[in-house]
Amino acid sequence: MNALEQDVLQQACDWVAQGHVVHLLTVVQTWGSAPRQPGALLAIRGDGRHAGSVSGGCVEDDLAQRARKGHLPATPSRLTYGVTQDEAMRFGLPCGGTLELVCEPLNGAQWLQPVLQTIRQHQLVLRSLDLDSGVSVLRPALAGDEPCLQGRHFNNIYGPRWRLLIIGANQTALVLAAIARSLDFHVLVCDPREQAFAGWDTTAITPLTLMPDDAVLDIRADARTAIVAVTHDPKLDDMALLEALKSPAFYVGALGSRANQRKRRERLALFDLSVDEIARLHGPVGLPIASRTPAEIAVAIAAELVSVRNGGASTLR
C-alpha cells in the first residue's frame with residue numbers, strides 16, 4: 001500500500017469522527033487496462049467530497065453524484081463499471097477495461113484506528129470483510145496475501161508507506177526527493193554536515209542530521225525501505241552502506257563509477273559483510289540511461305526503484 005492509501009484511511013477516519021456519512025470504495029479486480037490496481041482506495045462523503053482514487057476521474061465523479069443523492073449502498077456491496085465498451089468510454093476506462101469495486105459504509109468503522117496504528121508501526125495487516133454481515137476481521141498479512149474476493153469475503157492488505165532514505169543533501173538528492181515523493185515514497189534525507197539543508201523545503205521531507213550509519217539504524221530499515229547514498233564522500237556513503245546492506249531494505253544503491261564501485265566493494269569486504277550482502281549493492285546506482293546531470297541521475301535512480309519495488313528487473317552490477 002502506498003502513501004496515498006494511508007492518507008485515504010486517515011481522512012476517512014477523521015470524517016467519521018466528525019459525524020459525516022462516509023463510504024469506502026476499494027478496487028477488487030480489473031479486466032483489460034485500468035488506471036488503478038486492486039487495493040486502491042477512495043473515501044467519499046455524503047456531500048460528494050472525496051479522497052483517493054479508483055480510476056482516472058470519471059468513476060469518482062459518478063460515485064460523488066451517487067453519494068450526494070444518497071444512492072450509495074447501505075450495506076457492503078460490489079459495484080462494476082465498464083461492462084460494455086460504451087460504458088468503459090463514458091467512465092474513462094481505456095481499451096474497454098472493466099473495474100469492480102467493493103463499496104462499504106463506514107458506520108463507526110472501529111477497524112480504522114487499529115489498522116492505522118498497525119501501519120504506523122510499519123507492519124502489514126490483512127482485513128477480511130464479510131459482505132453479508134459487514135463484519136471484518138484483522139490479522140497480520142502473510143507472504144503471498146493480496147487483495148481478492150473469496151466467496152462473500154473480501155480480503156485487502158493495508159500497510160506502511162514505502163520509504164526512501166537518501167544519504168547526502170546535494171543537488172541529485174534534491175531532484176530525487178521530489179521525484180520519489182510523486183511516486184508515493186516517504187522521503188528521508190540524511191546529512192550530518194552544517195548548512196546541508198540550506199535551500200531545501202524541509203516540510204516536504206524528513207531531514208536527519210545523524211551520522212549515516214546511525215540514521216539507517218534509527219529508522220529501522222525494513223523490506224519497504226530503499227537506501228541510496230549520493231554524497232560522493234566514501235566516509236559518509238560507506239558508513240551508511242555498512243548498515244544498509246545488513247538490513248532488510250529492498251534496495252541499496254550508491255552513486256559512483258564502475259571503478260569507484262569496485263574500490264567500494266573492496267573496502268566493504270574488509271568489514272563484517274558477507275559476499276551475498278555486498279552483492280546486494282546497486283552500483284553504479286540506477287538504470288543505465290547514460291545519465292550525466294543530477295536530474296538525469298535522479299531519474300535513473302527513481303526508475304530502478306520503481307522497477308525493483310514492482311518486482312521487475314534490476315541492474316545489480
Side-chain angles (χ1 to χ4, degrees), residues 2-4 35 161-193 195-209 212 215-216 219 221 224-245 247 249-268 278-317:
N2 58 31
L4 179 60
R161 297 182 174 198
W162 293 94
R163 297 184 296 174
L164 170 61
L165 171 62
I166 305 173
I167 307 299
N170 55 24
Q171 187 63 30
T172 298
L174 186 64
V175 180
L176 177 58
I179 297 173
R181 288 182 61 242
S182 72
L183 296 170
D184 294 327
F185 281 93
H186 172 204
V187 179
L188 307 96
V189 181
C190 172
D191 200 311
R193 294 171 289 195
Q195 303 301 318
F197 292 99
W200 282 72
D201 176 8
T202 53
T203 63
I205 60 155
T206 299
L208 303 173
T209 54
V216 175
I219 69 168
R224 297 173 74 83
T225 304
I227 301 170
V228 177
V230 297
T231 71
H232 292 288
D233 184 345
K235 294 189 297 294
L236 295 177
D237 286 350
D238 289 3
M239 290 174 67
L241 297 175
L242 285 170
E243 297 300 334
L245 291 170
S247 78
F250 78 90
Y251 182 98
V252 179
L255 199 62
S257 66
R258 291 182 183 275
N260 286 336
Q261 297 295 346
R262 285 194 295 271
K263 294 176 182 177
R264 171 177 283 120
R265 288 181 169 87
E266 291 171 359
R267 293 194 302 270
L268 294 174
I278 295 173
R280 295 183 58 218
L281 177 63
H282 292 259
V285 69
L287 293 181
I289 60 171
S291 53
R292 296 181 182 275
T293 67
E296 290 172 348
I297 293 169
V299 168
I301 295 170
E304 188 169 45
L305 286 176
V306 171
S307 179
V308 175
R309 182 176 70 174
N310 292 344
S314 67
T315 58
L316 284 170
R317 295 181 284 277

Are the side chains of [Y] and [X] in contact, using a 4.5 Å heavy-atom criterion?
X    : Y    : result
E304 : Y251 : yes
I179 : L183 : yes
R264 : L241 : yes
T206 : V187 : no
L208 : V189 : no
S247 : T225 : no
I227 : E243 : no
L305 : W162 : no

Roughly how far, to the nearest 0.5 Å, is the [atom2] atom of [Y] from the [atom1] atom of [X]?
X    : Y    : atom1 : atom2 : result
I167 : L236 : CD1   : CG    : 8.5 Å
K263 : S257 : NZ    : OG    : 7.5 Å
L287 : I297 : CG    : CD1   : 13.5 Å
H186 : L164 : NE2   : CG    : 10.0 Å
R193 : T231 : CZ    : OG1   : 5.5 Å

Check [X] against [Y] and note the closest heavy-atom contact, atom names and distance.
X    : Y    : result
A298 : V175 : CB-CG1, 3.7 Å
P234 : R267 : CB-NH2, 3.6 Å
A215 : C190 : CB-SG, 3.7 Å
F197 : A169 : CE2-CB, 3.9 Å
P294 : Q171 : CB-CG, 3.9 Å

task = Please answer whether the main-chain N or O of L281 pairs with a side-chain N or O of R265 as donor and acceptor at a distance below 3.5 Å.
result =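 Yes; judged by distance alone, with no hydrogens or angles, the pair exists.
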
inquiry  = For L255, is there any backbone N or O sitting under 3.5 Å from a side-chain donor or acceptor partner on D237?
reply    =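 Flag not set: sc D237 to bb L255 has no pair under 3.5 Å.
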
ask   = Are R309 and F185 in a cation-pi contact, defined as NZ or CZ under 6.0 Å from the six-membered ring centre and within 45° of the axis?
value =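 Checked: cation-pi criterion met.
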
inquiry  = Is it true that Q261 and R258 share a donor-acceptor pair across their side chains at a distance under 3.5 Å?
reply    =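 There is no such pair (donor and acceptor under 3.5 Å, judged by atom type) between the side chains of R258 and Q261.
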
request  = Take L188 and R163 through the test side-chain contact (heavy atoms from CB on, under 4.5 Å) and record every step on the way to the result.
outcome  = CA-CA 7 Å; L188 307 96; R163 297 184 296 174; 4.2 Å; yes

query = Are V228 and H282 close enough, and set up right, to give a side-chain contact (heavy atoms from CB on, under 4.5 Å), and what steps lead you there?
reply = CA-CA 9 Å; V228 177; H282 292 259; over 6 Å; no

inquiry  = For a side-chain contact (heavy atoms from CB on, under 4.5 Å) check, start with the C-alpha distance between I166 and V230, then their side-chain angles and the critical distance, and finish with the verdict.
reply    = CA-CA 7 Å; I166 305 173; V230 297; 3.8 Å; yes

